[in-house]
Q: 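First the structure, then my questions, so here it is.
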Amino acid sequence: MTIYFVAGEVSADNHGAALMRSLRELDPGLKLIGRGGPQMQEISGTEFKNWIGDAAVLGLWEVLRKYGYFREQFQETLTQILDSKPDAVVLIDYPGFNLRLARALRRKSHRQKIIYYISPQVWAWNRGRIKRMARLINLVLCIFPFEADLYNQSGLRAVFVGHPMIERLHARRINAERDPNLIGLFPGSRMREVRKIFPVMMETARLLLHANPNLHFEVAAASDELSREMSPATAAFGQSQGRQVIQIRVGETAEVMQRAWAGIVASGSATLEAAYFGMPFVLIYKVAWPTYLAARAVVNVNYLGMPNLLAKKEVVPEFIQRQAKADSISRAMRRVIENKSARKQMISEFDAIISELGSIGASETAARAILKEIGESNMEGRLITR
């Protein structure tokens, strides 16, 4: 059997690699091809394209700027799928590209099995698209429990498999005490968002340090490239009590979250990671204004952070766009740092949120659902041809 994967972002590469490992464990003879990131490529081998560096873009303007590239990649992907005739196409998140791909595939073949993993968050920006998706996609594997109910009610077959983040983060747990003077800074994994968000974090750090000179900070950098981008700003803080006030840690997000007393986190998957590790934090989101206005025009949710969306209330303070100012963020951070009652309440809310996301084994559950779907499809095909 052959399965073709399409993933276009770093987090999707993480989830896709875990899914591929589970599939291989269940059926070592599977042929896994497609495009994604370095982790997925390592598992698949030579017939897999690592395009994450170019595919992972943020914002309307960046997509428009690279329109020619994406058009070329879209046609290349479509051709590869039609030529390889996989038993299933597994689309992982990345809705701008993957939903268009699903539509193009369905026009070419009504029998092509299309499975969506890490489903597009249409419940946030256009619930009316769910019924249209039902004509394109055979099965959605949901990582949030409310998604499966919503999709099934709209005629799109879906199952809740649990959140793959749980097993990945469980493996990253360390035995560490929190440093009451350590503040974690998590500016995101994309260069464009880091350039918008990190200066605000630096100014907030200055205000916090002025209020409490004992504080020190660690920045979680997703790559060496981002570390180099942020180094000049962190070096400008100098030293205090014989150590650098702000240090950059590359590839140590989980470790910093478990040692820090509190943090400032850019909106994205890191907000759920912080909740999993029980690190009190405030959320920041800042992008180019055209991107923000375009998003505001279509997004229909009360909160931006996933912990708040799951809790259906503001568990974590959100500072979005023009509200993302250092003085406001520093005031919220001081409450998170100093108020024992507020910290305890936030951590308790985190425990309740994470408990809804299932336990270890989401990738295996998703893999079994995919193999079952392929098996049933092949059986139907044999009956049709008789």
Side-chain angles (χ1 to χ4, degrees), residues 9-11 13-14 37-39 52-53 56 58 168-169 171-287 319 324 326 329-330 332-333 336-337:
E9 296 174 311
V10 174
S11 60
D13 184 42
N14 292 333
Q39 296 182 70
I52 290 288
L58 177 71
R168 179 172 60 85
L169 297 184
R172 300 293 299 274
R173 280 199 174 277
I174 59 175
N175 185 19
E177 290 188 13
R178 295 199 181 274
D179 179 348
N181 291 317
L182 174 61
I183 306 301
L185 303 177
F186 307 86
S189 60
R190 300 181 182 91
M191 182 65 74
R192 187 173 291 271
E193 66 181 346
V194 167
R195 286 174 174 168
K196 282 283 185 182
I197 290 170
F198 194 58
V200 180
M201 289 185 170
M202 288 292 90
E203 183 57 31
T204 303
R206 289 187 186 281
L207 294 176
L208 292 173
L209 195 61
H210 180 75
N212 183 356
N214 292 321
L215 292 179
H216 62 112
F217 304 82
E218 290 187 3
V219 183
S223 66
D224 290 327
E225 181 185 14
L226 289 174
S227 175
R228 289 190 294 271
E229 174 75 16
M230 296 184 289
S231 288
T234 60
F237 270 74
Q239 294 189 343
S240 175
Q241 301 177 9
R243 65 180 175 185
Q244 193 72 26
V245 174
I246 300 183
Q247 295 180 307
I248 298 177
R249 306 291 187 188
V250 180
E252 297 184 22
T253 296
E255 290 76 8
V256 176
M257 284 182 173
Q258 292 173 82
R259 290 187 288 103
W261 191 249
I264 307 174
V265 183
S267 177
S269 59
T271 60
L272 271 184
E273 293 177 11
Y276 176 85
F277 288 122
M279 182 194 72
F281 69 97
V282 302
L283 178 151
I284 179 174
Y285 176 80
K286 191 172 185 180
V287 293
F319 296 90
I329 297 171
S330 64
M333 277 296 294
V336 168
I337 294 168

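We count residues from 1, following the sequence as given. The structure presented is a predicted model; accordingly, all values stated were derived computationally and were not measured.
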Q: When rounded to the nearest 0.5 angstrom, what distance separates CG in N181 from NE2 in H216?
A: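 Those atoms lie 6.0 Å apart.
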
Q: Rounded to the nearest 0.5 Å, what's the gap from CE on M257 to CZ on R173? Could you check?
A: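 Interatomic distance, M257 CE to R173 CZ, rounded to 0.5 Å: 12.5 Å.
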
Q: Is a donor on one side and an acceptor on the other found under 3.5 Å between the side chain of W261 and the backbone of R178?
A: no

Q: Work out which heavy atom in G188 is nearest to a heavy atom in V194; give both atom names and the distance.
A: O-CG2, 3.6 Å

Q: To check you understand the geometry: which heavy-atom pair defines the closest contact between A324 and F319, and what is its length?
A: CB-O, 3.7 Å

Q: Taking C-beta and beyond as the side chain, do I197 and I284 meet within less than 4.5 Å on heavy atoms?
A: yes

Q: Distance check, rounded to the nearest 0.5 Å: F217 atom CZ versus L215 atom CG?
A: 5.0 Å

Q: Please determine if E9 and R190 form a salt bridge, counting it only when a charged side-chain N lies under 4.0 Å from a carboxylate O.
A: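 Salt bridge flag = yes for R190 with E9.
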
Q: Any idea which heavy atoms bring M230 and P187 closest together, and the distance?
A: SD-CG, 3.7 Å

Q: Roughly how far, to the nearest 0.5 Å, is the OG atom of S11 from the CG atom of L272?
A: 11.0 Å

Q: Which heavy atom in A332 sits nearest to a heavy atom in V282, and how many Å separate them?
A: CB-CG1, 4.0 Å

Q: Any donor and acceptor pair, going by atom type alone, linking the side chain of S231 with main-chain N or O of S227 inside 3.5 Å?
A: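 Between the backbone of S227 and the side chain of S231 there is a qualifying donor-acceptor contact (under 3.5 Å).
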
Q: Give the minimum heavy-atom separation between E255 and G251, together with the two atoms involved.
A: OE1-O, 4.2 Å

Q: Is there a side-chain contact between V250 and S223 (heavy atoms, below 4.5 Å)?
A: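 No, every pair of side-chain atoms sits at 4.5 Å or beyond.
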
Q: May I ask you to test the L207-M333 pair for a side-chain heavy-atom distance under 4.5 Å?
A: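 Side chain of L207 against side chain of M333, heavy atoms only: no contact under 4.5 Å found.
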
Q: With a 3.5 Å distance limit and no angle check, can you tell me whether T204 reaches the backbone of V200 through a side-chain donor-acceptor pair?
A: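 Between the backbone of V200 and the side chain of T204 there is a qualifying donor-acceptor contact (under 3.5 Å).
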
Q: Is there side-chain contact between L226 and F198, with heavy atoms separated by less than 4.5 Å?
A: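 Result no, sub-4.5 Å side-chain heavy-atom pair not found.
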
Q: Go through the steps for M202 and I246 under the test side-chain contact (heavy atoms from CB on, under 4.5 Å), then give the verdict.
A: CA-CA 9 Å; M202 288 292 90; I246 300 183; 3.6 Å; yes

Q: Ion pair present between E177 and R259, side-chain N to carboxylate O less than 4.0 angstrom?
A: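 R259 and E177: not salt-bridged.
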
Q: Under 3.5 Å, is there a donor-acceptor pair between the side chain of R249 and the main chain of A220?
A: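 Between the backbone of A220 and the side chain of R249 there is no qualifying donor-acceptor contact (under 3.5 Å).
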
Q: Testing the basics here: between I183 and G263, what is the closest heavy-atom pair and its distance to 0.1 Å?
A: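 It is CG2-CA, 4.4 Å.
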
Q: Supply the atom-to-atom distance T253 OG1 to F277 CZ, rounded to the nearest 0.5 angstrom.
A: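 The CZ atom of F277 is 9.5 Å from OG1 of T253, to the nearest 0.5 Å.
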
Q: In sequence, state the C-alpha distance, the side-chain angles, and the governing distance for E218 and L185, and then conclude on side-chain contact (heavy atoms from CB on, under 4.5 Å).
A: CA-CA 6 Å; E218 290 187 3; L185 303 177; over 6 Å; no

Q: Report yes if some heavy atom in the side chain of V256 is under 4.5 Å from a heavy atom in the side chain of F186; otherwise report no.
A: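 Yes, at least one pair of side-chain atoms sits under 4.5 Å.
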
Q: Between E193 (side chain) and S189 (backbone), is there a donor-acceptor pair under 3.5 Å?
A: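 At least one qualifying donor-acceptor pair exists.
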
Q: Would a distance-only check, ignoring hydrogens and angles, find a side-chain to backbone donor-acceptor pair under 3.5 Å from D179 to A260?
A: no

Q: Out of curiosity, L209 CG to N214 CG, how far, rounded to the nearest 0.5 Å?
A: 9.0 Å

Q: For the side chain of Q258 and the backbone of R172, is there at least one donor-acceptor N/O pair under 3.5 Å apart?
A: yes

Q: Counting C-beta onward and ignoring hydrogens, is there a side-chain heavy-atom pair between T234 and Q247 closer than 4.5 Å?
A: no

